[in-house]
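Quantities reported herein were computed from a predicted structural model and do not represent experimental measurements.
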Amino acid sequence: MSTTGAAADPLAALGELPGVAESVESVRKAVDRVYGHRVMRRRSNAVTSEAALRGARGSAALSGADWALEEVRRRSDFSGRNDDEAGTVGAALRLTAEAGQLLSIWRQSPLRVLARLHLVAAGRDDARVGRPRQDGEAVDEPLVELPLPGAAEVAGRLDGLSELIVKGSTAPALVTAAVVHGELLALRPFGFDNGLVARAAERIVLVGSGLDPKSVCPAEVGHGELGRAAYLAALDGYVSGTPDGMAAWIAHCGRAIELGARESTAVCEALQRGAA
């Protein structure tokens with residue numbers, strides 16, 4: 001997302017695109033339903049823990065490791081030494097756990113947080129870990145086949161994104177989260193694990209904004225449920241930079257949050273019945 005020549009608050013301008021206000025309102029209602037559930041008054045920590053597990057599972061699925069929830073729940077070794085999918089699931093779990101620890105840093109230093117998220121996702125020594133890629137370095141992100149921006153463009157757009165976050169915006173949390181997510185996927189600033197990092201950053205925005213302070217509405221669940229094809233099609237809209245394309249991406253992210261909220265509502269119901 002280029003901010004050159006843009007309005008003083010370009011994120012707020014996106015919130016005025018046709019259909020975005022409706023998405024924002026629909027998301028708010030879905031989130032309010034979860035937070036209004038009687039189980040949240042007594043067992044919100046249990047709902048948060050389950051949402052984290054399910055969110056990690058959904059994010060890993062979008063990165064090519066589509067494991068059953070119960071397999072993720074019972075597995076103890078995610079080292080990935082001999083299993084790339086296990087490594088992906090492990091990275092998603094680590095990121096979900098780490099995201100909540102970085103909220104206080106995000107508004108002051110988003111790039112520092114992104115570097116930390118990539119370090120956590122990697123879980124290994126690699127010269128490319130935690131820094132934006134340089135010219136000539138390959139990117140291992142096979143599920144995103146968009147043209148790859150050059151290193152100079154990546155650096156400039158990351159700086160622009162960081163400036164937007166630090167300055168703050170009157171835009172709804174959905175809009176900011178969608179832009180952070182979409183920009184990181186479009187740029188693929190790291191050599192690998194960009195999708196996992198992008199979805200973790202989206203989570204940080206949603207929690208830190210106060211929309212989902214207890215992290216019980218995992219957008220990653222919704223993104224996974226909507227499917228990879230719809231995810232990539234919506235991302236194409238973001239990359240196009242057109243008003244319709246941007247609005248479609250924001251609406252897609254909104255729908256993902258709603259589905260995450262629905263998932264946690266079901267968890268609340270199961271806890272209430274004593275079945276989870």
Do you know the tightest heavy-atom contact between [X] and [Y]?
X: Val239; Y: Ala186; value: CG2-CB, 3.9 Å
X: Arg228; Y: Ala61; value: NH2-O, 3.0 Å
X: Thr170; Y: Asp9; value: N-OD2, 3.0 Å
X: Ala121; Y: Val197; value: CB-CG2, 4.5 Å
X: Arg131; Y: Ala127; value: NE-O, 3.2 Å

Is any side-chain heavy atom of [X] less than 4.5 Å from a side-chain heavy atom of [Y]?
X: Leu271; Y: Val47; result: yes
X: Thr176; Y: Leu14; result: no
X: Leu211; Y: Val27; result: yes
X: Ile257; Y: Val31; result: yes

Next on the checklist: Under 4.0 Å between a side-chain nitrogen and a carboxylate oxygen: does that hold for Glu25 and Arg28?
Outcome noted: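 Salt bridge between Glu25 and Arg28, a charged N being under 4.0 Å from a carboxylate O: no.
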
Next on the checklist: Using a strict threshold of under 4.0 Å (side-chain N to carboxylate O), is an ion pair present between Arg74 and Glu70?
Outcome noted: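 So Glu70 does not pair with Arg74 through a salt bridge.
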
Kindly say whether [Y] contributes a backbone atom to a donor-acceptor pair with the side chain of [X] at under 3.5 angstrom?
X: Glu137; Y: Gly191; answer: no
X: Thr265; Y: Ala261; answer: yes
X: Thr48; Y: Ser44; answer: yes
X: Arg255; Y: Gly222; answer: no
X: Arg188; Y: Asn194; answer: no
X: Ser240; Y: Gly237; answer: yes

Checklist entry - Run the side chain to side chain contact (heavy atoms under 4.5 Å, CB included) check on Leu93 and Leu53 step by step: do they pass? => result CA-CA 7 Å; Leu93 288 166; Leu53 183 73; 4.0 Å; yes

State the [atom1]-[atom2] distance between [X] and [Y], to the nearest 0.5 angstrom.
X: Leu114; Y: Leu161; atom1: CG; atom2: CG; answer: 7.5 Å
X: Asp212; Y: Ser264; atom1: CG; atom2: OG; answer: 8.0 Å
X: Phe192; Y: Thr88; atom1: CZ; atom2: OG1; answer: 11.0 Å

Item to check | Which residues share a salt bridge (Lys or Arg N to Asp or Glu O under 4.0 Å) with Arg75, sequence neighbours left out | outcome: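 In terms of salt bridge (Lys or Arg N to Asp or Glu O under 4.0 Å), with neighbours along the sequence ignored, Arg75 is linked to Glu71, Asp83.
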
Checklist entry - Linking Ile, Leu, Val, Met, Phe, Trp and Tyr through side-chain heavy atoms less than 4.5 Å apart, which residues share a cluster with Leu226? => result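 Joined to Leu226, directly or through intermediates: Leu259.
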
Item to check | Evaluation steps, side chain to side chain contact (heavy atoms under 4.5 Å, CB included), between Glu50 and Arg73 | outcome: CA-CA 10 Å; Glu50 187 64 20; Arg73 197 189 303 279; 2.8 Å; yes

How would you list all residue pairs meeting side chain to side chain donor-acceptor pair (under 3.5 Å) that involve [range], not counting sequence neighbours?
range: residues 195-209; answer: Ser59-Arg199, Ser63-Arg199, His181-Glu202, Arg199-Tyr231, Glu202-His223, Arg203-Ser215, Arg203-Glu220
range: residues 244-253; answer: none
range: residues 95-107; answer: Glu98-Arg116

Item to check | Partners passing side-chain hydrogen bond (donor to acceptor under 3.5 Å, both in side chains) against Asp126 (at least two apart in sequence or in another chain) | outcome: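 With neighbours one apart ignored, the set is Arg128.
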
